[in-house]
Amino acid sequence: MTTATLSSTNKSSHTFADMDHATLGIQLRQRARDMVSNLKSRQQEAARLGRLPDATIADMQENGFFRIMQPKRWGGFEMEPKHFFDVQMTLAEGCMSTAWVLGVVAIHNWQLGLFDDRAQKDVWGDNDTTLISSSYMPVGKVTRVEGGFRLSGRWGFSSGSLHCEWAFLGAMVPPANPGDAPDYRTFLVPHSDYKIITNWDVSGLEGTGSNDIVVEDVFVPEYRTHRSMDGFNCNSPGNAINKSPIFRLPFGQIFVRAVSSSSIGCLQGVVNSFIEVNKSRIGINDGAKVAQEPNVQMAIANAMAAIDECKTVMYRNFDLMMEYARQSETPPMQERIKMRFDASLVAKKCTDAINEMFICCGAMGIFRSHPLNRAWLDINAGRTHVANNHFKFGRNLGATSFGFDNQDFFL
């Protein structure tokens with residue numbers, strides 16, 4: 001197992017401890033900006049390894065990125081989501097795999113803050129830089145036993161798993177009483193209780209190392225589980241001790257952004273490269289300047305508009321959710337359904353934009369050495385995530401607008 005963690009005296013937590021969040025946000029974004037060049041140079045290594053280089057994880061630890069939404073009690077900054085996703089999008093300009101791993105792994109530091117305090121102590125008691133991977137696929141087989149559950153199963157797509165010492169794994173808990181509804185939960189499992197199957201052989205997002213995890217009949221205490229309904233109601237066991245409004249945000253609305261927002265930053269990196277590559281390029285067939293072609297000009301305009309729209313909607317929605325959280329309220333159901341659709345649209349908009357630019361690159365774009373090639377693969381791969389299926393969530397928004405029942409509770 002390749003693990004890049006620092007001691008609990010990580011200097012970033014001390015460096016930033018006394019900053020207000022606005023100033024801290026600027027500092028974190030600049031640190032992310034400073035990493036972009038190195039991330040670009042490490043893309044091939046990440047693809048070859050099938051995971052992020054240890055140096056990249058160490059850099060993100062050192063810069064405090066995993067702490068952005070972590071509870072203060074454990075050295076975190078407890079910042080609003082918009083600051084975290086600013087950092088994620090910035091890193092994605094250099095490497096979308098890096099941003100993807102940061103997105104899902106660092107969000108787990110926020111989710112662990114929703115668990116019973118005993119679970120938080122289990123993970124961070126000796127080292128508050130310990131990281132958690134996940135697979136929320138509801139494939140686990142669960143048996144109720146005294147004090148908790150027996151858990152077995154094989155989960156796919158656990159991004160960043162080779163850099164983590166714990167995992168969040170999804171499963172349906174059978175009803176305690178006849179006639180009760182099944183209870184979806186996230187199970188917190190230490191690495192000593194699972195195996196990682198290194199089967200990540202893909203095109204696009206190769207560096208995420210999203211391997212399989214196998215668990216064979218292990219005991220998970222009750223306190224190391226998190227009920228989906230508690231996350232939905234914004235009333236989790238961790239709220240008893242982690243009082244910041246960010247821990248009263250709906251779990252579903254936070255996690256889905258972790259797997260969509262890296263596409264925005266990656267597209268911004270493509271816009272930068274596209275302009276640089278085509279500013280003085282001459283077409284092979286007609287000898288004309290590529291930058292003067294109407295379809296090229298329109299492609300870059302559409303991409304810039306998509307980035308602006310995706311960011312604007314995301315910031316608006318997070319501001320709205322924070323308003324509710326500060327008042328100890330939850331967003332109304334229809335607003336949550338709309339915000340869920342907004343998040344899923346990001347991947348479509350970014351994919352449409354990069355595909356248009358990719359075509360404008362001509363046959364040169366299919367070479368792996370082309371500046372847009374890897375980003376094209378990454379953004380299209382990201383769109384395949386189940387949370388980015390805009391059609392499913394758009395239909396739900398349309399149906400509920402007509403008065404039909406809501407079909408989605410990951411909100």
Side-chain angles (χ1 to χ4, degrees), residues 32-33 35-44 46-47 85-86 88-100 202-207 260-315 342-385 388-391 394:
R33 177 66 56 201
M35 281 186 62
V36 169
S37 179
N38 281 341
L39 293 180
K40 287 181 180 179
S41 69
R42 293 173 185 165
Q43 284 183 336
Q44 287 189 334
F85 290 106
D86 274 348
Q88 187 197 27
M89 290 186 292
T90 302
L91 294 178
E93 294 182 32
C95 174
M96 184 167 163
S97 285
T98 298
W100 184 282
V202 295
S203 60
L205 295 175
E206 298 104 310
S260 67
S261 300
S262 57
S263 294
I264 306 173
C266 187
L267 183 60
Q268 180 63 65
V270 169
V271 166
N272 299 339
S273 298
F274 188 82
I275 293 172
E276 186 65 28
V277 167
N278 291 300
K279 188 176 294 183
S280 57
R281 186 165 75 92
I282 302 298
I284 296 175
N285 295 322
D286 56 13
K289 275 194 171 185
V290 173
Q292 292 179 332
E293 295 180 12
N295 61 319
V296 172
Q297 295 170 347
M298 200 63 208
I300 196 70
N302 285 336
M304 294 168 70
I307 293 167
D308 183 54
E309 180 182 356
C310 289
K311 284 186 175 182
T312 300
V313 171
M314 180 180 69
Y315 293 144
D342 290 337
S344 69
L345 276 176
V346 168
K348 178 186 186 305
K349 291 179 182 295
C350 292
T351 303
D352 289 348
I354 196 170
N355 286 346
E356 190 177 352
M357 286 190 288
F358 184 76
I359 292 170
C360 290
C361 292
M364 299 303 295
I366 67 174
F367 284 87
R368 292 188 183 275
S369 59
H370 193 278
L372 271 66
N373 185 272
R374 186 174 301 282
W376 175 66
L377 290 170
D378 288 346
I379 289 179
N380 276 278
R383 186 176 175 182
T384 66
H385 193 286
N388 293 329
N389 183 353
H390 72 284
F391 188 78

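Side-chain atoms are counted along with the backbone in the values below, which use heavy atoms only and exclude waters and symmetry mates. Keep in mind that this is a model prediction, so the values were computed, not measured.
The distance from atom CD1 of Ile307 to atom CG of Leu267, rounded to the nearest 0.5 Å, is 4.0 Å. Atom CD of Gln268 is separated from atom OG of Ser263 by 13.5 Å, given to the nearest 0.5 angstrom. In this structure, Asn388 CG and Ile379 CD1 are separated by 11.5 Å, a value rounded to the nearest 0.5 Å. Remark: Gln43 CD to Met96 CE distance equals 11.5 Å, nearest 0.5 Å. Annotation: the span from Cys361 atom SG to Ile366 atom CD1 amounts to 11.5 Å, rounded to 0.5 Å. Rounding to the nearest 0.5 Å places OG of Ser260 at 14.5 Å from NZ of Lys348.
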Given side-chain contact (heavy atoms from CB on, under 4.5 Å), test Arg383 with Asp352 step by step and report yes or no. CA-CA 10 Å; Arg383 186 176 175 182; Asp352 289 348; 3.9 Å; yes
side-chain contact (heavy atoms from CB on, under 4.5 Å) evaluation trace for Cys350 with Ile264: CA-CA 7 Å; Cys350 292; Ile264 306 173; 4.2 Å; yes
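Closest non-hydrogen pair, Arg374 versus Ala47, comes out as NH1-CB, 3.4 Å. Minimum interatomic distance between Gly382 and Trp100 (heavy atoms only, all atoms of both residues): CA-CZ3, 3.8 Å. Of all heavy-atom pairs between Cys266 and Ala375, the closest is SG-CB, 3.6 Å. When all heavy atoms of Ala303 and Ala353 are compared, the pair lying nearest together is CA-CB, 3.8 Å. For the pair Ser261 and Met89, the tightest heavy-atom approach, listed with the atom from each and the gap, is O-CG, 3.3 Å.
Panel note: side chain Asp378, backbone Leu205; a donor-acceptor pair is recorded below 3.5 Å. Remark: side-chain polar atoms of Glu93 are not paired, donor with acceptor, to backbone N or O of Gly265 under 3.5 angstrom. Using modelled atom types, one side-chain atom of Asn373 and one backbone atom of Gly365 make a donor-acceptor pair closer than 3.5 Å. With hydrogens and angles ignored, the 3.5 Å screen pairs no side-chain donor or acceptor of Asp308 with any backbone N or O of Met304.
Residues Cys95 and Arg42 have side chains not in contact (no heavy-atom distance under 4.5 Å, counting atoms from C-beta outward). No side-chain heavy atom of Ile354 sits under 4.5 Å from any side-chain heavy atom of Phe274. Under the 4.5 Å side-chain criterion, counting only non-hydrogen atoms from C-beta, Gln44 is not in contact with Arg368. You'll find the side chain of Lys289 stays beyond 4.5 Å of the side chain of Val296, heavy atoms only. By the 4.5 Å heavy-atom criterion applied to side chains, Ser273 and Leu372 are counted as neighbours. A heavy-atom distance below 4.5 Å is not found between the side chains of Val270 and Trp376.
Among the candidates Glu356, Lys349, Gln297, the single residue satisfying the side-chain hydrogen bond (donor to acceptor under 3.5 Å, both in side chains) test with Asn302 is Glu356.
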